[in-house]
Structure formats: C-alpha cells, structure tokens
Amino acid sequence: MKKTLLLGAFLLAGIVSAFPFRTSCGKVLQVSNSYAQNMSQDGLTDYLTALNGVTCPQHAGSAIITVVYSH
C-alpha cells in the first residue's frame, strides 16, 4: 500500500510539474518545468518554436510567433 501511494505521488508530481504548450496546428504538448527552468526566456521561446515545427511540419516554413506567458 505504501509503495502504491508513493508511486502515485511521484506520478502526480510529474504531471503537476509540466506546463501545456499549444502548437499552431492545435496539438497540446506537456513541457517539463524542470527542463524549462534551465533555459533563458529566449532559449525557451526558440525551443518551443522548434518543437512547434517538429510537431506541425505543415507550418514549419511559416513565420510562427511564439508567446510565452510567465508570472
């Protein structure tokens, strides 16, 4: 029982520590907060723009504006 609760807590922490990113083709991807925290704002914007191009190849050649909201 303790192992189940511990595993559940780790899974919940993994879900909570991600933020959604909506691509230009409408797909929503979960991006790890721990990965994003090690990047500058410009680096994160570049990463998300590249991720958009990989996820939505039909928009890869388009001028995509990536907006990152933070608080």
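Here the structure is a predicted model, which is why all the values come from computation and not from measurement.
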Rounded distance (nearest 0.5 Å) linking atom OG of Ser32 with atom CD of Gln37: 8.0 Å
The reported gap from OG in Ser40 to CG in Asp46 (rounded to nearest 0.5 angstrom) is 7.5 Å
Can you find a heavy atom in the side chain of Val31 that is under 4.5 Å from one in the side chain of Leu51? yes
Those residues at least two apart in sequence (or on a different chain) that pass side chain to side chain donor-acceptor pair (under 3.5 Å) with Thr49 are Thr66
How about Tyr47 and Met39: do any of their side-chain heavy atoms sit closer than 4.5 Å? yes
Under a 4.5 Å cut-off applied to non-hydrogen side-chain atoms, are Phe21 and Val28 in contact? no
Calculate, to the nearest 0.5 Å, the distance between atoms CG and OG1 belonging to Leu29 and Thr55 respectively. 4.5 Å
Please name the pair of heavy atoms, one in Cys25 and one in Gln58, separated by the smallest distance, quoted to 0.1 Å. CB-NE2, 3.4 Å
